Amino acid sequence: MAKIKREAKISPFDRSVYALTARIPKGKVSTYGKIARKLGKPGASRAVGQALNRNPWAPQIPCHRVISSNGDIGGFAGGKKQKIKLLKQEGVKIGKGRINLDRYEFLM
DNA sequence: GTGTTGACCACAG
DNA sequence: GCTGTGGCCAACA
């Protein structure tokens with residue numbers, strides 16, 4: 001049972017996204033746009049989302065800690081429901097399918 | 001190399 | 001507050 005070897009197939013951009021995503025501490029969240037900005041590409045929010053969607057390290061990368069800029073859940077490869085559940089587990093309260101960015105946004 | 005797709009973002013009505 | 005439109009970026013067929 002080989003560990004994940006897909007790493008070799010991952011593009012540099014995707015890897016950067018995973019790297020930043022992995023830095024998000026528990027109980028905090030970040031947004032696609034913010035991550036894109038950290039990468040030096042303020043307009044790559046979409047690409048960031050795609051990278052997470054195709055992330056080869058699904059359970060390993062806290063992709064559920066990444067949400068939309070407006071506080072919406074965004075999406076999740078398994079259902080937003082699951083994502084919300086996970087966030088709640090980490091102590092993030094969700095109100096009406098929305099997350100309070102003022103409270104949980106993680107400033108890198 | 002071109003066109004399509006996507007877990008987005010900002011703005012206008 | 002919601003919907004529609006345009007724009008940006010990267011991966012994939």
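A note on names: the letters A, B, ... follow the listed sequences, proteins ahead of strands, and every chain is numbered from 1. These figures come from a predicted structure and were not determined experimentally.
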_Applying a 4.0 Å non-hydrogen cut-off, can you work out what Ala44(A) is touching in the nucleic acid: base, sugar-phosphate, or nothing?_
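Contact class for Ala44(A): sugar-phosphate only.
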*asked:* Students often get this wrong, so: under 4.0 angstrom with heavy atoms, is Phe13(A) touching a base, only sugar-phosphate, or nothing?
replied: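 Here Phe13(A) touches the backbone only, sparing every base.
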Could you check how far [atom1] of [X] sits from [atom2] of [N], rounded to whole Å?
X: Lys96(A); N: dG1(C); atom1: NZ; atom2: P; answer: 11 Å
X: Asn70(A); N: dC11(B); atom1: CG; atom2: P; answer: 13 Å
X: Gln50(A); N: dC8(C); atom1: CD; atom2: P; answer: 18 Å
X: Leu39(A); N: dC8(C); atom1: CG; atom2: C1'; answer: 14 Å
X: Tyr32(A); N: dA7(B); atom1: OH; atom2: P; answer: 9 Å
X: Leu87(A); N: dA7(B); atom1: CG; atom2: P; answer: 18 Å
X: Ile73(A); N: dA7(B); atom1: CD1; atom2: P; answer: 15 Å
X: Ile99(A); N: dA7(B); atom1: CD1; atom2: P; answer: 17 Å

*Does Lys41(A) make a side-chain N or O approach to OP1 or OP2 of dA10(C) shorter than 4.0 Å?*
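Yes, Lys41(A) has a side-chain N/O under 4.0 Å of OP1/OP2 on dA10(C).
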*Phosphate oxygens OP1/OP2 of dC9(B): is one of them under 4.0 Å from a side-chain N or O of Ser68(A)?*
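Yes, within the criterion.
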Closest to side chain of [X], choosing from [options]:
X: Ser69(A); options: dG6(B), dA11(C), dA10(B); value: dA10(B)
X: Phe76(A); options: dC8(C), dC9(C), dA7(B); value: dA7(B)
X: Thr31(A); options: dC9(B), dC9(C), dT5(B); value: dC9(B)
X: Cys63(A); options: dA7(B), dA10(B), dC9(C); value: dA7(B)
X: Leu52(A); options: dA11(C), dA7(B), dC8(C); value: dA7(B)

*Distance-only, no hydrogens or angles: does the Lys83(A) side chain make a donor-acceptor pair with backbone N or O of Ile73(A) under 3.5 Å?*
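Pair found, side chain donor or acceptor close to backbone of Ile73(A).
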*5'-most contact on DNA chain C: Gly43(A) or Arg54(A), nearest heavy atom basis?*
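Upstream on the strand: Gly43(A).
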*Would you say the side chains of His64(A) and Glu90(A) form a donor-acceptor pair under 3.5 Å?*
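On atom types as modelled, these side chains qualify, holding a pair under 3.5 Å.
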*Is the number of heavy atoms from other residues, nucleotides or ligands within 6.0 Å of NZ (Lys80(A)) greater than 12?*
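Open.
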_Does atom CZ (Arg98(A)) have a neighbourhood of more than 12 heavy atoms from anything else shown, all under 6.0 Å?_
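Check passes, neighbour count above 12.
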_Approximate separation, where rounding is to 0.5 Å, of Arg37(A) CZ and Ser69(A) OG_ =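 The CZ atom of Arg37(A) sits 8.5 Å away from the OG atom of Ser69(A).
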